[in-house]
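Computed over heavy atoms, backbone and side chain alike; hydrogens, waters and symmetry mates excluded. Residue numbers begin at 1 in each chain, while the letters A, B, ... track the order of the sequences.
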2 protein chains.
Amino acid sequence: MPEASPNRPAPARPRTPKPRTRRGQDTRDSLIKAAEAVIGEVGFAAASIADITRRAGIAQGTFYIYFQSKDEVFRELVLEMGKLTRGFLADAVADAPDRLTAERRGLRAFLSFVAERPALYNIVMEARFVAPDAYRAYYTTFARGYAQNLAAAAREGEIRDGDAEVRAWALMGMAVTLGERFAIWESEVDPDALVTEVFDMLERGLKP
Amino acid sequence: MPEASPNRPAPARPRTPKPRTRRGQDTRDSLIKAAEAVIGEVGFAAASIADITRRAGIAQGTFYIYFQSKDEVFRELVLEMGKLTRGFLADAVADAPDRLTAERRGLRAFLSFVAERPALYNIVMEARFVAPDAYRAYYTTFARGYAQNLAAAAREGEIRDGDAEVRAWALMGMAVTLGERFAIWESEVDPDALVTEVFDMLERGLKP
DNA sequence: CTTCAATATGACGAATGATTCATGTTTCAG
DNA sequence: CTGAAACATGAATCATTCGTCATATTGAAG
């Protein structure tokens, strides 16, 4: 590894073309699914292409018909995770009467999501080291939407004024860590109680 | 990798003995320092023993006099990071008049620390994948102290009652993510303003 | 000034695992 | 039905790097 570039300058990805056949699409799907399982369980470094193709029930070489490298599947997975999470949260929050309720439901939904797909969650976390740009994009995209919602709510007078971006990152950070601690590690704490507790602090503050 | 064990059951570490000589201690120190720099910059996987020893100005084989494996230096680094951070924060918070002030100063200090030693911070984050037990120990130790402080403050009436453990993890999560976003990535936001903003939310709550 | 344990060296053995490739097989448009 | 494009195969390639070892060197106790 002569040049380990921390800031890879837009890898100029030529993009493996999409499958042109039903069969091809199916194979690709199997690979993605297997990759999620394997990489999510044992981590990127420990997951070999052989592991992935074996799990998918497919020959090794076939992998390279659909992805240029191990890196590329990984990125694909991060992208997918982004879409899934955003969709899931959007649904959970869709008909909330106000922003604070929406936030509460959002956190609750996030915890459920993490508990149900720990593998995908691990992949996003590991992206910080395997695909920093994808990782950043994931959180930045999230934060943007989050901040917009908070700003709008402040405008409506639903919450006090304040820096929406800072708040967005602070809230996201809470969610991420709480998810890891109470949804992935074993937890004695009931998720609903957890959310209630957190929002007591967030809504009313810590001051007596 | 036949068995990729997510839960390694206490690796039965025979422990490389400490150096018996001044020279040995110096060499070990060089290696630790080099390892922090290299691993922190390029990540665990990309960092080779050769990179580390080269940076330390020492022969490859010498590495194995002081560490049994790449994993072992890494663990050492996580441990060190834990001690450093706790010491730094303890100092920063030492003579705060009350808990809320202490929290504020703690966050501010944490942001400075991260900004000054991003490599160490990266290592702790990566520990989630390289040395899960060390990672967990790091955060659990932190959270315990944090929760005790919060519980005490609640008892004193300095803050409202509430689940100290949940609060501790929520606050830690905020700090971690804010550190990454505003202290490691480029930031337009002034750290002091950031802290003020966050504590406005934490102390008074979001409700209008 | 010996002597031996501690420390240092760097070339090398061995394993690993990503990626390629030459060779089939399947699909589907026409 | 047919042939070209897609797709599939898995053995072979190839670069990388961990960790070992046989061989020095150092330094301090006696």
Side-chain angles (χ1 to χ4, degrees), chain A residues 1-5 11 13-35 38-39 41-77 129-131, chain B residues 1-5 11 13-35 38-39 41-76 130-131:
Chain A
M1 176 139 338
E3 327 279 301
S5 60
R13 207 141 14 112
R15 277 258 168 238
T16 311
K18 297 270 167 244
R20 312 224 174 282
T21 296
R22 176 60 195 274
R23 183 166 66 131
Q25 186 58 52
D26 288 349
T27 304
R28 206 190 118 104
D29 289 348
S30 311
L31 282 171
I32 286 267
K33 206 174 147 203
V38 174
I39 297 180
E41 271 166 30
V42 308
F44 183 79
S48 69
I49 303 292
D51 289 337
I52 294 171
T53 52
R54 197 178 310 122
R55 179 118 174 192
I58 276 171
Q60 280 229 94
T62 306
F63 178 91
Y64 291 90
I65 294 172
Y66 298 100
F67 306 98
Q68 305 212 323
S69 64
K70 206 167 124 183
D71 248 78
E72 195 178 299
V73 228
F74 189 85
R75 278 163 198 285
E76 207 79 345
L77 287 172
F129 304 98
V130 177
Chain B
M1 178 141 333
E3 326 279 302
S5 59
R13 207 140 16 110
R15 278 257 167 240
T16 312
K18 297 273 168 241
R20 312 226 174 278
T21 294
R22 176 59 194 274
R23 183 165 66 131
Q25 187 57 52
D26 288 349
T27 304
R28 207 190 117 103
D29 290 348
S30 310
L31 282 171
I32 286 265
K33 205 174 148 203
V38 174
I39 298 180
E41 271 166 31
V42 309
F44 182 79
S48 69
I49 304 292
D51 289 335
I52 295 172
T53 51
R54 197 177 312 122
R55 180 116 173 196
I58 277 171
Q60 284 226 56
T62 305
F63 178 91
Y64 292 91
I65 294 173
Y66 298 99
F67 305 98
Q68 306 212 324
S69 63
K70 209 165 116 181
D71 248 78
E72 196 179 300
V73 228
F74 189 84
R75 280 164 196 284
E76 206 80 347
V130 176

What closest approach, in Å, do [X] and [Y] show between heavy atoms, and which atom pair accounts for it?
{"X": "A:Ser30", "Y": "A:Ala56", "answer": "O-CB, 3.9 Å"}
{"X": "A:Thr53", "Y": "A:Ala59", "answer": "CG2-O, 3.7 Å"}
{"X": "A:Gly24", "Y": "A:Tyr66", "answer": "CA-OH, 3.2 Å"}

Between [N] ([atom2]) and [X] ([atom1]): distance, integer Å:
{"X": "B:Tyr64", "N": "C:dG10", "atom1": "OH", "atom2": "P", "value": "16 Å"}
{"X": "A:Ile52", "N": "C:dG17", "atom1": "CD1", "atom2": "P", "value": "12 Å"}
{"X": "A:Gln25", "N": "D:dA6", "atom1": "CD", "atom2": "C1'", "value": "14 Å"}
{"X": "A:Phe44", "N": "C:dG17", "atom1": "CZ", "atom2": "P", "value": "13 Å"}
{"X": "B:Arg54", "N": "C:dG10", "atom1": "CZ", "atom2": "P", "value": "13 Å"}
{"X": "A:Lys18", "N": "D:dA6", "atom1": "NZ", "atom2": "P", "value": "16 Å"}
{"X": "B:Ile49", "N": "C:dG13", "atom1": "CD1", "atom2": "P", "value": "20 Å"}

Any side-chain N or O of [X] below 4.0 angstrom from OP1/OP2 of [N]?
{"X": "B:Thr27", "N": "C:dT7", "answer": "no"}
{"X": "A:Tyr66", "N": "D:dA8", "answer": "yes"}
{"X": "B:Ser69", "N": "D:dG19", "answer": "no"}

B:Phe67 side chain reached by B:Ile32 side chain, heavy atoms, under 4.5 Å:
yes

Reading 5' to 3' through nucleotides 25-30 of chain D, protein heavy-atom contacts under 4.0 Å coded B for base, S for sugar-phosphate only, - for none:
-S----

For every nucleotide of nucleotides 9-14 of chain D, 5' to 3': is a protein heavy atom under 4.0 Å from its base (B), only from its sugar-phosphate (S), or from neither (-)?
BB----

Apply the test side chain to side chain contact (heavy atoms under 4.5 Å, CB included) to residues A:Thr16 and A:Tyr64: give CA-CA distance (whole Å), side-chain angles for both, the deciding distance (0.1 Å), then the verdict.
CA-CA 9 Å; A:Thr16 311; A:Tyr64 291 90; over 6 Å; no

Audit row: B:Leu31, B:Phe63, side chain to side chain contact (heavy atoms under 4.5 Å, CB included) steps and yes/no
CA-CA 7 Å; B:Leu31 282 171; B:Phe63 178 91; 4.2 Å; yes

Pair B:Asp51 + B:Arg54, salt bridge at N-O below 4.0 Å
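So B:Asp51 pairs with B:Arg54 through a salt bridge.
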
Only counting residues at least two apart or in another chain, list the ones meeting salt bridge (Lys or Arg N to Asp or Glu O under 4.0 Å) with A:Asp29.
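Salt bridge (Lys or Arg N to Asp or Glu O under 4.0 Å) list for A:Asp29, sorted by chain: empty.
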
Checking the side chain of B:Gln25 only, and the main-chain atoms of B:Pro19 only, is there a donor and an acceptor separated by less than 3.5 Å?
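No; judged by distance alone, with no hydrogens or angles, the pair does not exist.
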
